[in-house]
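The block underneath contains the structure these notes are about, expressed in structure tokens.
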Amino acid sequence: MRALRALQPGSPADLRVQELDLPPVAAGSLVVAVTAAGVNRSDTLACRGIIPCDFPRTLGRDFAGVVVDGPPDLLGVRVWGSGGGELGLTTDGTHATHVVVPRDGVARTPDGLTDVEAAASALGYFAAHSALALATGVGSADPTSGLEPGDTVVVTGAAGGVGGAAAALAHRRGARVVGVVLDGNELRTVERSRGAVHFDALLASDTDDFPRRLRDATSGSGARAAVDVVGGAMVAALLPALALGGGVCVLGGPPHLAEATINTIDFYRKALRLVGLHTGLASCRDSARVLGALGEDFDSGHLTPSAVSGTYALGDAPRAYADVERGVAGRLVLVPGSV
């Protein structure tokens with residue numbers, strides 16, 4: 001097999017493709033021939049040692065491919081998945097031609113997704129489903145994410161993979177979705193995208209009157225839930241827009257803008273919920289359960305894959321990592337079998 005190896009913490013330019021022996025397959029595990037693997041911000045942080053992992057290490061958490069060794073009923077089956085705190089951190093990950101994962105750490109890839117689309121969408125949809133479930137106060141095993149038709153949901157980072165996935169899931173449950181983007185350029189990008197159909201309203205947050213416009217957009221009973229990938233001051237803007245008993249789930253944001261000031265009287269009188277989501281505390285088994293439940297909605301077209309802006313051969317992975325660090329819009333995907 002060929003694998004992208006981080007020999008020690010450092011720059012993406014230091015990553016190397018190496019020839020390795022296929023690892024042995026323990027009971028309860030299987031081998032996936034990886035046809036596509038998404039590149040996430042967390043992969044670049046692990047590369048630099050900001051997220052702790054053991055070196056040398058094959059990085060990567062998202063994957064799509066075909067089972068080539070394992071239970072007979074899965075041989076030749078297309079599968080997809082995403083790791084949490086294990087793949088690419090404590091065990092070798094998916095930026096390789098093959099990866100070993102637990103038998104229950106994969107889901108069958110929906111017929112409505114290509115392998116590249118599946119690899120681009122796995123983490124985003126797992127994170128989005130989990131965030132909605134936490135914001136509404138139900139467990140992630142609930143396929144409805146705790147939403148009912150007519151609920152209002154606010155999604156920040158609407159131009160990104162997690163934001164777009166959260167909007168699609170909420171729209172599928174019959175919710176009214178208010179998307180929040182950074183500025184007018186991002187707003188126009190979302191309006192032109194395949195996922196635009198999932199939003200009932202879009203707001204740019206770079207104006208002084210944004211908090212008022214957000215409250216106006218959620219007027220009436222307020223928002224049942226909010227999924228926030230921005231953090232910091234955005235949390236303070238979201239809480240007043242929530243309905244009685246509503247919740248915000250925060251799962252991202254730059255460290256230098258992490259602090260927020262909130263009105264605690266409003267918070268307790270409305271019985272609001274503020275909760276965090278760290279997908280690194282989950283596992284590929286957790287994501288497989290969620291992704292497996294979404295297959296029919298992808299096949300029916302109710303859910304749309306995350307937008308892919310580029311594919312890269314394994315040897316071009318350092319460039320893909322650098323592009324992720326630069327903030328290139330859209331999802332970037334490695335195709336390990338290509339030259």
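Please read all numbers here as calculations on a predicted model, not as lab measurements. Numbers here simply count residues along the sequence, with the first being 1.
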Shared ILVMFWY cluster between Val99 and Val66, side chains joined below 4.5 angstrom? no
Within 6.0 angstrom of Arg213 CZ, more than 12 heavy atoms from elsewhere: yes
When rounded to the nearest 0.5 Å, the distance separating CZ of Arg319 from CG of Leu15 is 14.0 Å
For the pair Arg173 and Ser145, evaluate side chain to side chain donor-acceptor pair (under 3.5 Å) and give the outcome as yes or no after the intermediate values. CA-CA 9 Å; Arg173 305 306 166 209; Ser145 300; 5.5 Å; no
Provide the closest heavy-atom pair for Ala204 versus Phe210 in the form atom of the first, atom of the second, distance. O-CD1, 3.7 Å
Any link between Val155 and Val290 through a network of hydrophobic side chains (Ile, Leu, Val, Met, Phe, Trp, Tyr) touching at under 4.5 Å? yes
Any non-hydrogen side-chain atom of Leu332 less than 4.5 Å from a side-chain atom of Ser309? yes
Is there a continuous path of hydrophobic side-chain contacts, each under 4.5 Å between heavy atoms, that joins Val230 to Leu203? yes
Side chain to side chain contact (heavy atoms under 4.5 Å, CB included) between Val39 and His95, worked out: CA-CA 8 Å; Val39 183; His95 294 172; 4.1 Å; yes
Can you find a pair of side-chain heavy atoms, one from Leu59 and one from Cys47, that are under 4.5 Å apart? yes
Determine, stepwise, if the pair Ser283 / Asp286 fulfils side chain to side chain donor-acceptor pair (under 3.5 Å). CA-CA 5 Å; Ser283 72; Asp286 298 319; 3.3 Å; yes
Would you say that Val17 contacts Leu4 through its side chain, given a criterion of any heavy-atom pair below 4.5 Å between the two side chains? yes
Are more than 12 heavy atoms, taken from residues, nucleotides or ligands other than Glu191, located less than 6.0 Å from that residue's CD atom? yes
Closest heavy-atom pair, Ala158 versus Val181, reported as atoms and distance to 0.1 Å, is CB-CG1, 3.8 Å
Indicate if Val116 and Val106 have the same hydrophobic cluster label, given that clusters are the connected sets of ILVMFWY residues with side-chain heavy-atom separations under 4.5 angstrom. no
Is any side-chain heavy atom of Thr44 closer than 4.5 Å to a side-chain heavy atom of Pro12? no
Would you check if Leu214 and Pro211 make a side-chain contact, meaning some heavy-atom pair closer than 4.5 Å? no
Any luck finding a side-chain donor-acceptor pair between Arg61 and Ser287 under 3.5 Å? no
Pair Trp80-Leu113, side chain to side chain contact (heavy atoms under 4.5 Å, CB included): steps then yes or no: CA-CA 10 Å; Trp80 65 324; Leu113 292 180; 4.0 Å; yes
Look at Asp151 together with Arg176 and state whether they make a salt bridge at an N to O cut-off of under 4.0 Å. no
Any side-chain heavy-atom pair of Arg215 and Pro240 under 4.5 Å: yes
Which atom pair, heavy atoms only, marks the closest approach of Pro318 to Ala13? CB-CA, 4.3 Å
Evaluation steps, side chain to side chain contact (heavy atoms under 4.5 Å, CB included), between Asp200 and Val178: CA-CA 6 Å; Asp200 295 278; Val178 178; 6.0 Å; no
Closest contact, heavy atoms only, Ser205 versus Val180: CB-CG1, 3.9 Å
Are Val227 and Leu291 grouped together when hydrophobic residues (ILVMFWY) are joined by side-chain heavy atoms under 4.5 angstrom apart? yes
Go through Val100 and Val31 one step at a time and tell me if the side chain to side chain contact (heavy atoms under 4.5 Å, CB included) criterion holds. CA-CA 5 Å; Val100 176; Val31 178; 4.0 Å; yes
NE2-CZ distance between His98 and Phe63, expressed to the nearest 0.5 angstrom: 13.5 Å
Taking atom NZ of Lys270 and atom CG of Leu244, what is their separation to the nearest 0.5 Å? 8.0 Å
d(Arg289 CZ, Cys284 SG) to nearest 0.5 Å is 10.0 Å
Taking Asp62 as the fixed residue, which of Val333, Asn40, Leu334 is the one that meets the side-chain contact (heavy atoms from CB on, under 4.5 Å) rule? Asn40
Are the side chains of Leu169 and Leu303 in contact, using a 4.5 Å heavy-atom criterion? yes
Identify all side-chain donor-acceptor contacts of residues 251-265 below 3.5 Å with residues at least two apart in sequence or on another chain.
residue	atom	partner	partner atom	Å
Asn263	OD1	Ile265	N	3.0
Asn263	OD1	Asp266	N	3.0

Could you report the tightest heavy-atom contact between Arg78 and Asp111, atom names first, then the distance? NH1-CA, 4.2 Å
Any side-chain heavy atom of Leu7 sitting closer than 4.5 Å to one from Gln18? yes
Using a distance-only test with no angle check, is there a side-chain donor-acceptor pair under 3.5 angstrom linking Arg5 and Thr58? yes
